[in-house]
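To start, the structure itself, in structure tokens.
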Amino acid sequence: MNVINDKLRVEDNKWIGTRTVRPDGADKVTGRATYAADNTMPGMIWGKVLRSPHAHARIRSIDTSKAEALPGVKAVVTAKDIVDFPLETSVMLGIQDMRWMCRNVMAREKALFHGHPVAAVAAINEEVAAAACALIAVDYEVLPHVIEIEDAIKPDAPILHDFAKFEGKPSNIAGTMTAKLGDVEVGFAEADIIVERTFRTRPIHQGYIEPQACTVSYSADGRATIWSSSQGQFMVRAMTSLLTGVPQSNIRAIPAEIGGGFGAKTIIYLEPVALLLSKKSGRPVKMVMTREEVMRATGPTSGSFSTVKIGAKKDGTFVAAKGDFYIQAGCLPGGPLRGPVGCSFAPYDIPNVLSVGYDVVSNRSKVAAYRAPGAPLGAYAAECVVDEIAEKLGMDRLELRLKNTAGPGTKAAYGATFGKVTFEETIEAIQNHEHYKAPLDRNPRPGVKRGRGVASGFWYNAGGESSAQVNITEDGNVVVTTGHPDVGGSRASIANVAAELLGVDHSRVSVLIGDTASIGYSNLTGGSRVTFASAMVVTQSAEKVIGQLKERAAKIWKIDPEAVNWDNGEATPAGPNAGQFPPLTLADLAAKATETGGPIGAGVQLNTTGADPGFATHVVDVEVDVDLGIVRVLRYTAAQDVGRALHPSYVEGQIQGGVVQGIGWALSEEYLYDKQGRLDNAGFLDYRMPVCSDVPMIEAVMLEIPNPKHPQGVRGVGEAPIVPPLAAISNAVYDALGKRFYALPMSPPKVLERLDEV
Amino acid sequence: MTDIRYLAPQTLDEAVGAFAAAQGAARILAGGTDLLVQMRAGTVKPGLIVDIKKIAEMTEIAEAPDGGFRIGAAVPGATLAEHRGFGKAWPGVLEAINLIGSKQVQGRASPGGNLCNGSPAGDSVPAMIAANAMVTVQGPEGRRTMPVEAVPAGPGRTNLKPGEIVVSFTLPPRAPGSSDAYLRMIPRTEMDIAVVGLGVSLTLQGGVVTAARVGLGAVAPTVLLVEDAAKALVGSRLDDAALEAAAAACRAACNPINDKRGTIAYRTKVAGVLLKRTVAIAAARAGGN
Ligand SMILES: Cc1cc2nc3c(=O)[nH]c(=O)nc-3n(C[C@H](O)[C@H](O)[C@H](O)COP(=O)(O)OP(=O)(O)OC[C@H]3O[C@@H](n4cnc5c(N)ncnc54)[C@H](O)[C@@H]3O)c2cc1C
């Protein structure tokens, strides 16, 4: 299977690589798409969450009697109703530890952040539910809180969890992760130049437009149906099952259309609570978060505090790299250490590497995955240090990178030994790009300075479990079902693949997303895996279907199935029988399906492998208004190895989206807390994501170097593009101003303050 | 669960009557782009809403024979932008009003709402102050007029008396060689709230400033009229020394807070920068040389 299908030679492709109309487009632009909050049911009631008003407090008791007595209230739940996972034993679902998830969906011993759920109510309408929440009496013992990493790791910091120990002592460092190669001490001793710098970034939110929402109906027979939007209906089923004790076989999770997730919807908040409320009340329960709840209480990604040290020879050869990455986990363990620890130095062939990640808890909402989780934090530090080394050695920034690129056989500190590596190609693509060669007018007007920066990035990519079913309808059309919520265009890409393989017009293929009862287990939409993995299972399913179609034709013609060809959506007799019978179309064969053996269709379920890593190199021009401290991005070009762009518009969209999120991270987005430990900017006005007019058109340079381990050559594309922008923009601002920034975001007040420093 | 009554009277007398009778439980609704947001957030819970958009005087733009303008308090920004003469006479006031929100918001948002909402960061207010605009107010005790800068009392508060409604803004006729401009500093390029906003109105004769007014927003509890900045400009040829003196006056007038939108140091410095930039635009528009 691991060969690029002969029939899929790029130049012969009719559908793959074309910009077909997106299957979800019409519904989305006409408002018909049903997102999670659009579902309603007869008899449905509303659930609301009561949240902690304190950043850190022990919960002495909760009295729900007044709320329960309020007319219209149908059920109340607290942590007592959620399955308890004792602290001693870890129970994992994927990368999520249920000890933390059960405490995240409902505060148990302590409220750990302002906004932490402490109880939930279901009532006949939202107003009654809100009024009931206000009647719940929680007796809190308010504790000192800690928000920032540097405060949380001080010896006298308030400790969040008694069970967390670091170096034998109670600590807010809840865990570490190390990647090691060679001996860095030896390496640094050989270096002619060493640059060591410390960097800070702030937590930022994924900023999906659709707030979390669900409807859950728990029936008298103990079976539950969940309608919600997520990055994995199977994750919703499994996690809800674990947190409520209802077996997976009794839960059907139906994925709604999703309005963005970017990693954040790989965990759940509402579904188990709504299920328990529905079970208690006997009514379907709907819960919808407000934007403020989303900002306060769902995972942003981590802030970081990192020190990176790189040593190089005079000729630019890297000899050693060391990274210490303190990563915010939020209130419970589980920050994305794997990102900075594994990815920061992975693009380079460095013999001695020591990368250590520290998982730091503090009184903030628990972080959730965000596009290449943690990798941008590490790349920010590493790629800024690389830039400084190039400057100190007087070398071209891209030539220095080229000199050190990882290649086939390079061992990465995180453990992998690379096969084909396509990092060099991304650097060369930028070197040869008109943008990089274009002269830059550094002082276009008084008070305005411009600069250009580059940076590279790496992301692992992933394969994993996927299921697909390809069915031929009775009228001879094609329905493909996969098990992955479509966040980034997977339906459009899969439609192109199915049309190509079956040789039918694209308009005859429908791609649907199955619920947990209608398709086999499929892992999360995340890790840049879905197009890679589902194209693989759909390819294998389609090949089985083609086999069946040939058999049916052979039966009708009474010849050997081997002597039948499938071309352009028709069976034709081949070899000695060529020309003996008129071709049979998909419609002809579908019409005769019953006589020739029954329904035509096939499914494949696989644990897919072969998702090789992704590399990207970016160049950016910025302009700084030196009197106001405003940094604007003028031009941005991102080169990435995308394997094969099944649907180029979506690949470009992924690259552009990742870059824009990186621009926000670098320049304007940040979580701001007040002295009481409350988030101060829980809304899009003061949480400054870029708007359209803040960013130029991002040019995506798609390098189509087929992944030899995939039938269409696909490589994951969604995450690598958010890895380089933080450093690329920082390096560009330095180029413009001659002053380096070691903290993000480079917002106007901070830029002006730095410019005013003597 | 709380009932809200809604009235849309045709006359000012009816509106004032209903508004005053509700004794503080009522809110005036112009475009609603502040009010509805605040109601959704639960920060205001009116028992009565008095919609003023059906009152002719409040949605009119009238040009007086002497070239002055009277703008109804509830005129939306988009309507003002479509008026033939207004943007020529008062480009700064118009650009300030048109900076409010987005296309959608412009279809509703009014200068009266912007002023009465009481935000120190309201965009139209510094420009109106620079324009020397007067507001006509009607309440249970009849009509009165007051300068725009006398309306704000602090964040979210005004000096309007109970039951009083802002009816219109009156902008004076323009002397030859006059123009105005408004600039704001926002971190984004749009859909944002001013960290500093600054309006300037100038009259130039033979390259010399004969009249000037400066309105400064988002740097103090209320939008400010900066008379010292105007003094520094009047009589000058907008040379560097005069501009620096005016910028210094703006910085000195600042009494900002450190908050999520900006630091004291940042706001103060930016007030001076915006003064110079806004003056340059107003002077160019005035045809000054
Ligand atoms: C998405 C968005 C973006 C925005 N961007 C900006 C911006 O860039 N700059 C900016 O300054 N503002 C902005 N705003 C705020 C708002 O749009 C403006 O303040 C607008 O001018 C308010 O006008 P309105 O007619 O909608 O007022 P309303 O909401 O109708 O009223 C505002 C307040 O004033 C009172 N009121 C209204 N009219 C009168 C009157 N005639 N007499 C007495 N009281 C009255 C109301 O009772 C209410 O308390 C934005 C709002 C939104 C939703």
Side-chain angles (χ1 to χ4, degrees), chain A residues 70-72 123-132 134 290-292 445-447 625-633 663-664 667-674 678-696 745-756, chain B residues 1-4 33-34 37-43 45 99-105 119 121 183-198 218 240 243-244 247 250-251 256-278 280:
Chain A
L70 185 73
I124 50 166
N125 61 38
E126 288 181 276
E127 288 77 17
V128 175
T290 61
R291 177 71 56 201
E292 187 180 337
R445 300 182 298 280
D625 178 329
V626 297
D627 295 312
L628 297 180
I630 299 176
V631 180
R632 299 254 183 258
V633 174
I663 291 173
L667 297 179
S668 57
E669 295 180 42
E670 62 182 315
Y671 260 43
L672 299 168
Y673 281 82
D674 66 15
R678 297 176 300 213
L679 182 62
D680 205 15
N681 57 340
F684 282 141
L685 176 56
D686 286 303
Y687 179 82
R688 288 195 164 70
M689 282 173 71
V691 296
C692 243
S693 51
D694 291 339
V695 291
M746 295 177 284
S747 58
K750 293 187 188 134
V751 171
L752 212 55
E753 197 181 300
R754 181 92 174 85
L755 283 171
D756 285 346
Chain B
M1 281 195 299
T2 42
D3 287 339
I4 303 174
T33 59
D34 279 314
V37 175
Q38 290 158 5
M39 284 171 60
R40 255 195 91 118
T43 49
K45 292 176 180 141
L99 274 176
I100 296 172
S102 57
K103 269 243 154 23
Q104 295 91 325
V105 172
S119 164
L183 283 180
R184 64 176 181 180
M185 191 285 156
I186 53 170
R188 278 189 288 231
T189 42
E190 57 183 328
M191 298 308 289
D192 214 327
I193 181 164
V195 175
V196 180
L198 195 140
D240 287 351
L243 287 172
E244 183 43 47
C250 287
R251 288 193 295 266
I257 49 170
N258 271 326
D259 73 356
K260 58 193 170 189
R261 293 178 184 152
T263 57
I264 292 172
Y266 183 76
R267 287 187 152 118
T268 307
K269 175 153 189 203
V270 167
V273 175
L274 289 193
L275 180 279
K276 293 184 189 175
R277 292 187 184 181
T278 315

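Hydrogens, waters and symmetry mates are skipped; everything else that's a heavy atom, side chains included, is used. Just so we're clear, the structure is a prediction, and the values are computed from it rather than from any experiment.
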Answer with side chain, backbone, both or neither: which region of [X] has an atom nearer than 4.5 Å to a non-hydrogen atom of chain B?
{"X": "A/Y687", "value": "backbone"}
{"X": "A/L685", "value": "both"}
{"X": "A/S747", "value": "neither"}
{"X": "A/D756", "value": "side chain"}

(Q) Between B/K276 and A/D627, does any NZ, NE, NH1 or NH2 come within less than 4.0 Å of an OD or OE carboxylate oxygen? (A)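 Salt bridge absent between A/D627 and B/K276.
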Q. Distance-only, no hydrogens or angles: does the B/K260 side chain make a donor-acceptor pair with backbone N or O of A/N681 under 3.5 Å?
A.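 Not confirmed, B/K260 side chain does not pair with A/N681 backbone.
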Q: Mark yes or no for whether B/Y266, through its side chain, and A/L628, through its backbone, hold a donor-acceptor pair below 3.5 Å.
A: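 Present.
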**Q.** B/I186 portion near chain A, given a 4.5 angstrom heavy-atom threshold
**A.**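 Backbone only.
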Q. So which part of B/R277 gets closer than 4.5 Å to some heavy atom of chain A, the side chain, the backbone, both or neither?
A.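 Only the side chain of B/R277 comes within 4.5 Å of chain A.
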**Q.** A/R688 versus B/R261, closest heavy-atom pair with distance
**A.**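 Here A/R688 and B/R261 meet closest at NH2-CG, 4.4 Å.
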Q: State, to 0.1 Å, how close A/M689 and B/R188 come at their nearest heavy-atom pair, and which atoms those are.
A: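 Closest approach of A/M689 to B/R188: O-NH1, 2.8 Å.
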Q.
Just so I understand: if I count every heavy-atom pair under 4.5 Å between each of B/D192, B/V273, B/V195, B/I193 and chain A, which residue has the most?
A.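 Most pairs with chain A among the choices: B/D192.
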Q. Hey, what do you get for OG1 (B/T189) to CD1 (A/I630), rounding to the nearest 0.5 Å?
A.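 Interatomic distance, B/T189 OG1 to A/I630 CD1, rounded to 0.5 Å: 9.5 Å.
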